Protein chains: 2
Amino acid sequence: MTRVKNINTWLTHLTQESKTSLSVDCVIFGYDEEGLKVLLIDCNMPPYEGKKSLLGDLVQMNETLEDAVIRVLQRRTTLTDLYFEEVKAYSDPNRHPLGRVVTIAYYSFIKISDYKIHDSEDKHLEWIPINDIDELAFDHRLILDESYKSLKKKIRNHPIGFTLLPEKFTLMQLQNFYETVLQIKMDRRNFRRKLNSLDLLIDLNEIQNNVSHRPAKLYSFDFKKYNKLMEKGLLNFTI
Amino acid sequence: MTRVKNINTWLTHLTQESKTSLSVDCVIFGYDEEGLKVLLIDCNMPPYEGKKSLLGDLVQMNETLEDAVIRVLQRRTTLTDLYFEEVKAYSDPNRHPLGRVVTIAYYSFIKISDYKIHDSEDKHLEWIPINDIDELAFDHRLILDESYKSLKKKIRNHPIGFTLLPEKFTLMQLQNFYETVLQIKMDRRNFRRKLNSLDLLIDLNEIQNNVSHRPAKLYSFDFKKYNKLMEKGLLNFTI
DNA sequence: TCAAAAGTGTTCAGCGTACACCCATGC
DNA sequence: GCATGGGTGTACGCTGAACACTTTTGA
């Protein structure tokens, strides 16, 4: 009987020559008062000198891809509750000048003020506003575009935004967040009704002060209630 | 200046010891009159002898992941317009008994009658009804579950179903397809109205014959119209 | 004439969308 | 008092969901 040797059926060892380098690349989205930005680093690898690239690294032998992403993210931040999502694998044999490197792309989304810059490499790091990014090294522009598309989809059905705002926020700050990230305009009255109907905001009975206009009420997000409702599968969170 | 060596910034070569085996695994969903099935193969690799596994293979040096998927699918079918979607990467260092194998999971969905069994390996191949599948080799049960979830989501927004039915089909056949794949019941009148309102079915002015009940009208799907509308981005296909 | 599936309409509730005016504060 | 953003309500159209009876055919 001829039998095709196959990784899932019958094989006795893995050969060196079929192995490949594997990396993770992370589109780190950041949000602050100025808007939506992406953390990029200078690439000095020919032929991409002068271009910026995403943060990423080779995956080590004893870690999962998720471990590698956490490593990439934590090299630069002290945050522990990191949020990230897998986007897609990129495997063009010619995508990397050093040879074959398959990369799995992830995106993360953090509050820029929580981000700690802390090693000598950091001078090559920069938060670039999403709309100011032009060409990137490797296929990173493509990765960025597909990640951003994926983020925009995700953010309308998951309360990612609430961890990126100050603990106490106004409805206008919240709406600005969605408008900035989604790059659309929303109707103020409809937005407020929508958020109220979700019944997940805690009215703190506090107001802004020192603003030269009518002060807005402050809210916080009821993560406990959200988690409880999601566990029971009985919440349709859509914005 | 200390500088972290990094795949995206500054590195002169790729070392052997950081390389890993890479595979693709494909959840091949199939549909026929009997329902939704998955193509599985016997696994003879310790410690999984006697279990079934998904179809997959190691990725070769000069192919993309998509090339590898097509190779896996075409080893067993003569179809050219293969449909497949990436699901997720699985990278637990202990997921494979031969050593570290990172796998990228894909699902495909085909008409079982189009599928050609054609080599000696095939006697180990079987279409198993989705609800009859128990444990699988490796982490393939997890991969199957996550792929099925992903398929169910996809199928409500993309006309995948229409390639899996006979060219001429009745509305009941179409509804059965959705009910079977989604494992839900749908209201007949609402379903028919929905499909009519999409205005993508071609009324063939033909009816079933030799059925011992009122014969149903036959339809086909207007792929041309669908593609045209989708290009213009002006169709919200949801079932 | 019976069994079996085909075919058909209406009502209701919820949700997204569009839209304009008065209010509270600091300067 | 004026500039600035905060706060509010209504009307309409679309869509999903629930629900029962008549029609056509073969046996």
Side-chain angles (χ1 to χ4, degrees), chain A residues 33-35 152-153 155-157 165-166 168-180 182-220 229 233-239, chain B residues 33-35 152-153 155-157 165-166 168-180 182-220 229 233-239:
Chain A
E33 320 76 42
E34 294 172 354
K152 285 200 254 189
K153 204 167 178 180
I155 212 166
R156 296 194 79 129
N157 295 293
L165 291 168
K168 304 172 178 188
F169 53 85
T170 68
L171 287 175
M172 204 63 225
Q173 285 177 304
L174 187 58
Q175 185 177 339
N176 280 335
F177 170 81
Y178 282 101
E179 291 189 337
T180 304
L182 296 170
Q183 308 211 98
I184 56 173
K185 277 282 161 206
M186 296 169 120
D187 181 88
R188 191 159 87 251
R189 282 164 292 186
N190 293 336
F191 182 82
R192 298 165 89 88
R193 182 175 37 255
K194 179 73 193 170
L195 265 293
N196 277 323
S197 76
L198 284 176
D199 204 26
L200 288 169
L201 294 186
I202 301 169
D203 184 341
L204 296 171
N205 289 312
E206 291 178 58
I207 54 170
Q208 290 179 305
N209 48 28
N210 294 318
V211 287
S212 72
H213 53 76
R214 178 173 173 176
K217 297 179 76 172
L218 294 174
Y219 297 88
S220 64
L229 288 170
L234 285 172
L235 174 59
N236 181 14
F237 184 94
T238 308
I239 287 179
Chain B
E33 320 76 42
E34 294 172 356
K152 284 201 254 189
K153 204 167 177 178
I155 213 166
R156 297 195 79 130
N157 295 293
L165 291 168
K168 302 171 177 189
F169 53 84
T170 68
L171 285 175
M172 204 61 225
Q173 285 177 305
L174 187 59
Q175 185 177 338
N176 280 335
F177 170 82
Y178 282 101
E179 290 188 338
T180 304
L182 296 171
Q183 308 211 95
I184 57 173
K185 279 281 161 209
M186 295 168 119
D187 180 88
R188 191 159 87 252
R189 284 166 290 188
N190 292 337
F191 182 83
R192 299 166 89 87
R193 183 175 37 255
K194 179 75 192 171
L195 265 292
N196 278 324
S197 76
L198 283 176
D199 204 26
L200 289 169
L201 294 186
I202 300 169
D203 184 342
L204 296 170
N205 289 312
E206 291 178 58
I207 55 171
Q208 288 180 307
N209 47 30
N210 295 317
V211 287
S212 72
H213 53 76
R214 178 172 174 174
K217 297 179 75 172
L218 295 173
Y219 296 88
S220 64
L229 287 170
L234 286 172
L235 173 58
N236 181 14
F237 184 93
T238 308
I239 287 179

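It should be emphasised that the depicted structure is a prediction, and the values quoted were computed from it without experimental measurement. First the proteins, then the strands, lettered A, B, ... as listed; each starts at 1.
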message = When the axes are fitted on five pairs at both termini, how much does the helix from C:dT1-D:dA27 to C:dC27-D:dG1 curve, in 10° steps?
response =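 Overall, the helix from C:dT1-D:dA27 to C:dC27-D:dG1 bends by 10° from one end axis to the other.
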
ask   = What is the distance from atom CD1 of B:Ile207 to atom CZ of B:Arg214, rounded to the nearest 0.5 Å?
value =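 Between atom CD1 of B:Ile207 and atom CZ of B:Arg214 there are 9.5 Å.
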
request  = Quick one: list whatever passes side chain to side chain donor-acceptor pair (under 3.5 Å) with A:Thr238, sequence neighbours left out.
outcome  =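 If we apply the side chain to side chain donor-acceptor pair (under 3.5 Å) test to A:Thr238, skipping adjacent residues, the hits are A:Asn157, A:Asn236.
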
Roughly how many Å is it from [atom1] in [X] to [atom2] in [N], rounded to a whole number?
X	N	atom1	atom2	value
A:Arg189	C:dC15	CZ	P	20 Å
A:Ile207	D:dG7	CD1	P	9 Å
A:Leu201	D:dG7	CG	C1'	15 Å
B:Ile239	D:dA17	CD1	P	13 Å
B:Leu195	D:dG16	CG	P	12 Å
A:Met172	D:dG5	CE	P	10 Å
B:Leu198	D:dT15	CG	P	10 Å
B:Met186	D:dG16	CE	P	10 Å

With the side chain of [X] defined as its heavy atoms from C-beta on, choose the nearest nucleotide among [options].
X	options	value
A:Arg192	C:dC19, D:dG7, D:dT24	D:dG7
A:Arg193	C:dA18, D:dT25, D:dG5	C:dA18
B:Asp187	D:dG7, D:dG5, D:dC19	D:dC19
B:Arg214	D:dT23, C:dT25, D:dG7	D:dT23
A:Asn190	C:dG26, C:dT17, D:dG5	C:dT17

task = By nearest nucleotide on DNA chain C, pick out whichever of A:Val211 and B:Gln208 is the more 5' one.
result =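 Here B:Gln208 is the residue nearer the 5' end.
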
ask   = Does A:Lys194 or A:Asn209 map to a spot on DNA chain C nearer the 5' end, using the closest nucleotide for each?
value = A:Lys194

Sole candidate of B:Asn196, B:Leu195, B:Asn190 that passes side chain to side chain contact (heavy atoms under 4.5 Å, CB included) when paired with B:Arg193 = B:Asn190

ask   = Do the charged groups of A:Glu206 and A:Lys217 touch, with an N to O distance under 4.0 Å?
value =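 Here A:Glu206 does not pair with A:Lys217 in a salt bridge, since their nearest N and O are not under 4.0 Å apart.
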
Residue that, paired with A:Glu179, satisfies salt bridge (charged side-chain N to carboxylate O under 4.0 Å, His left out) out of A:Lys185, A:Arg188, A:Lys152 =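 The salt bridge (charged side-chain N to carboxylate O under 4.0 Å, His left out) with A:Glu179 is passed solely by A:Lys185 among A:Lys185, A:Arg188, A:Lys152.
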
query = Pick the nucleotide of DNA chain D nearest each of A:Gln173 and B:Thr238; which residue has the one closer to the 5' end?
reply = A:Gln173

inquiry  = When you compare the side chain of A:Leu198 with that of A:Phe237, does any pair of heavy atoms fall below 4.5 Å?
reply    = yes

query = Would A:Gln173 and A:Lys168 count as a side-chain contact (heavy atoms from CB on, under 4.5 Å) if you check the C-alpha gap in whole Å, the side-chain angles of each, and the deciding distance to 0.1 Å?
reply = CA-CA 10 Å; A:Gln173 285 177 304; A:Lys168 304 172 178 188; over 6 Å; no

message = Taking atom types as they are modelled, would you say the side chain of B:Arg188 forms a donor-acceptor pair with the base of C:dG7 within the 3.5 Å cutoff?
response =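 Donor-acceptor pair under 3.5 Å: yes.
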
